[in-house]
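The structure displayed is predicted, hence computed values, not measured ones. Quick note on labels: first sequence line is chain A, next is B, and so on, each numbered from 1.
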2 protein chains.
Amino acid sequence: MKKVATIKEIAKALNISISTVSKALNDHPSIGTMTKDRVKAKAKELHYIPNQAARSFQQKKTNQIGLIVPSLRDQFYVECISGIEAEAIKHNYKVLLCQSHEDPQREVDLVNMMLLQRVDALIITTTKSTTNYDHIQELEQMGIPVLFFVRVPNDFPCHYIRNNAFDASQKATEYLIKKGHKNLAHIKGPVNLRTSRERAEGFQSALASHNIKINPSYIVTTDLSQNGNENAIKKLLSLAKKPTAVIAFNDLVALDAIEYIKKKDKTLLSQIEFSGFGNNRLLRYMDYPLTASVEEHPYNMGVEAIDILLQLIKADNEPSEYLQIVHSCELHTYR
Amino acid sequence: MKKVATIKEIAKALNISISTVSKALNDHPSIGTMTKDRVKAKAKELHYIPNQAARSFQQKKTNQIGLIVPSLRDQFYVECISGIEAEAIKHNYKVLLCQSHEDPQREVDLVNMMLLQRVDALIITTTKSTTNYDHIQELEQMGIPVLFFVRVPNDFPCHYIRNNAFDASQKATEYLIKKGHKNLAHIKGPVNLRTSRERAEGFQSALASHNIKINPSYIVTTDLSQNGNENAIKKLLSLAKKPTAVIAFNDLVALDAIEYIKKKDKTLLSQIEFSGFGNNRLLRYMDYPLTASVEEHPYNMGVEAIDILLQLIKADNEPSEYLQIVHSCELHTYR
DNA sequence: CTGTTAGCGCCTTCAC
DNA sequence: GTGAAGGCGCTAACAG
């Protein structure tokens, strides 16, 4: 078992002081080229590997970014993480990844853990039922920048990056309207999510601007479970006048709905068009694909998230302003 | 901006020594109950939050586990990560996640980074073209246990967890044979991967044990890109005697193949059955689903990976034996 | 240019 | 029971 050398040992081997070695290794300008070379040579010889843990400790900077997402089951977050990780590494930051599993208590624990770890910043997508943000705001008070990702609190100002759910939803709805639909329904997401509200509003706004009366029974809700999704479409199918187009909260909701219809009455399949959110990569393998899906560019959002945090980390002092980015989406149409 | 208290400040506030505070907070037996209570109360009052970075540094133990996977685009690894993260957190370990993007040089960099970070252990799925393992073996020499995950090197003994690709492939092939197929083809994965070989061998073994002659032109290869997948099926379709069943290297390969067939000649769809690996959750939404897919239980593999590593971390000394786990898979049939 | 000193926050002997 | 001292590996004044 090899042991790692420390700068101390390099110093001893070279008969110079520890600080000289330190400076030499860090290319400090005040060190002679020759000394630097000697030190570096010896460092290589002794298999010196700087101890990042020690460095983090003494510099009060870990170069780690905490990341808390609800779940890796959601392709969307996975894409985000992919972007986050790639961009973080590029800037010499490492990502500490955790899942809250939509459990607010677990979220609290994880956030506290991030505090223990002294991550330099935190990216968090809160639980769909998070209502108390104390634990998160505490981080900010301790000077750890927090970026709310996708799901952002309504009650107080904060740094965030989210996408323009309203606009996207409007686009999707409009696309279906232009395809001739008059009876459009919306399967809405969990009420706690701001995104749910925005997508619903975008939906309604599109109808309004085309002078289509909004039928309240055309708006149903799901908790995003398979069961919830099925119940939602069930309600819509039970209506005397069935909708001919459905804007679903996301792709999976739409797929579950379609699946349900397939089981119940295949003939209905051709009579209802679906639009989703997420533009899942596997959609293109589907045979009764959604008519359209909103592409949210999750990878890019991840990259941007890191870029924002790097700014905040650098700024360091109390932020004069909150960085708030609203990402625009585009509709990807399949037919 | 709140400042975090240190044990020093607690000590000062209480007029006792730092070491007493430290011991009190750690419930050291030699400290009086009353003192402990006073210390803990004051700690809470001052918003004391132990500095994990300092602790890691001084205990030479970070409680972090490095994780390097090729890509988050692959649903399989995502599921693994999910299990790894969940189990790690449960045992108070954190996961440092990185993607190699199948780039061996990047892999080297990441492994070295893990070394800098002094992670307590590393889980790695090597690049599909990794041939040199020096950087990884160096970790082991430094006392950092390494667990090869899914992709394991052939040349030397190591700790690993992988699944029984041979057996799984055999099962899948047999299932199709029992459904009456005589002309079975295999779309093989990249040659560098041991898994490719094993799946191919399982395929051949099944044929052999059913006295079906192996037709060499029925075995084609893909590099797993969409293009590669399409070329593979193209080759099979160009044969005078087309296969009626195809064991694909994984679900995505099968899906690309099916997609290709759809585009070329829909009538062929009903004449060729496909089996895949991975049992992607979205398969159930497909209308021309695979006939079967091998479920590899990635989440559980992730959990097990952590359990193994915890053993290795605890064992600490030179391992007397290599822990090698071969996970068995089961065939999930769709029709 | 190089060395000395001090300290980051915490834990662990070892005295008392 | 409690405290004093030392050190983990590294960096950053400051002094020479």
Side-chain angles (χ1 to χ4, degrees), chain A residues 2-40 42-43 46-64 92 115-120 142-144, chain B residues 2-40 42-43 46-64 92 115-120 142-144:
Chain A
K2 246 189 281 182
K3 228 205 88 206
V4 234
T6 67
I7 52 171
K8 199 174 174 179
E9 306 178 62
I10 299 179
K12 199 162 52 187
L14 253 38
N15 247 318
I16 58 179
S17 83
I18 295 180
S19 59
T20 303
V21 174
S22 170
K23 286 175 204 154
L25 290 172
N26 290 308
D27 271 323
H28 194 284
S30 77
I31 299 292
T33 328
M34 230 186 53
T35 317
K36 279 183 189 169
D37 290 346
R38 285 207 320 147
V39 169
K40 286 177 184 170
K42 183 59 83 176
L46 296 181
H47 289 293
Y48 170 72
I49 298 163
N51 185 328
Q52 184 59 43
R55 216 179 241 162
S56 296
F57 164 56
Q58 99 90 19
Q59 311 209 134
K60 299 173 185 307
K61 183 159 186 333
T62 54
N63 268 50
Q64 298 191 352
N92 195 29
L115 198 47
L116 288 184
Q117 291 294 318
R118 302 292 197 272
V119 293
D120 291 341
M142 314 256 307
I144 301 178
Chain B
K2 245 188 284 183
K3 230 206 87 209
V4 233
T6 66
I7 52 172
K8 199 174 174 180
E9 305 178 62
I10 299 179
K12 199 162 52 187
L14 254 38
N15 246 320
I16 57 179
S17 81
I18 294 180
S19 56
T20 305
V21 173
S22 169
K23 285 175 200 154
L25 290 172
N26 291 309
D27 271 323
H28 194 283
S30 77
I31 299 291
T33 329
M34 232 187 48
T35 319
K36 278 184 189 169
D37 290 346
R38 287 207 319 144
V39 169
K40 285 176 184 170
K42 184 58 84 179
L46 296 181
H47 290 292
Y48 170 71
I49 299 163
N51 185 327
Q52 184 58 44
R55 215 177 242 163
S56 295
F57 163 55
Q58 97 91 18
Q59 309 204 138
K60 298 175 186 308
K61 182 161 187 330
T62 54
N63 270 51
Q64 298 191 352
N92 195 30
L115 198 48
L116 288 184
Q117 291 294 320
R118 301 294 198 271
V119 293
D120 291 341
M142 313 255 308
I144 301 178

| Does OP1 or OP2 of dG1(D) have a side-chain N or O of T35(B) closer than 4.0 Å? | no
From the list V4(A), V39(A), L25(A), V21(A), side chain to side chain contact (heavy atoms under 4.5 Å, CB included) with Y48(A) holds only for L25(A)
Winner on side-chain proximity to K23(A), out of dA13(D), dC8(D), dG9(C), is dA13(D)
Rounded to the nearest 0.5 angstrom, the CD1-CD distance for I144(B) and Q117(B) is 10.5 Å
Separation of dC8(C) atom C1' from N51(A) atom CG, nearest Å, is 14 Å
Nearest-nucleotide check on DNA chain D, T6(A) vs K36(B); residue mapping nearer the 5' end is K36(B)
R118(A) CZ to dC10(C) P, in whole Å, measures 7 Å
Quick note, Q59(A) side chain, CB onward, closest among dA12(D), dG9(C), dG9(D) is dA12(D)
Heavy atoms of R118(B) and P50(A) approach each other most closely as NH1-O, 3.2 Å
Closest to the side chain of A54(A), out of dC10(D), dT11(D), dT2(C), is dC10(D)
One should read off an interatomic distance between N63(A) CG and R55(A) CZ, to the nearest 0.5 angstrom, of 9.5 Å
Rounded to whole Å, the CD1-C1' distance (I18(A) to dA6(C)) equals 12 Å
Atom NZ of K61(A) and atom C1' of dT11(D) are separated, to the nearest Å, by 15 Å
Atom NE2 of H28(B) and atom P of dC11(C) are separated, to the nearest Å, by 11 Å
Result for 5'-nearest mapping on DNA chain D, choosing between S19(B) and S22(A), is S19(B)
| said: With a 4.0 Å cutoff (strictly under), does any side-chain N or O of R55(A) reach OP1 or OP2 of dT11(D)? | reply: yes
With the side chain defined as heavy atoms from C-beta on, N26(B) is closest, among dC8(C), dC11(C), dG1(D), to dC11(C)
T20(A) has its side chain closest, among dC10(C), dG3(D), dG3(C), to dG3(C)
Separation of dC10(C) atom C1' from Q117(A) atom CD, nearest Å, is 15 Å
- Query: More than 12 non-hydrogen atoms from neighbouring residues, nucleotides or ligands closer than 6.0 Å to NZ on K61(B), yes or no?
  - Reply: yes
Here the distance between atom C1' of dG9(C) and atom CD of Q58(A), to the nearest Å, is 12 Å
Taken to the nearest whole Å, CG/L46(A) to P/dG9(D) is 14 Å
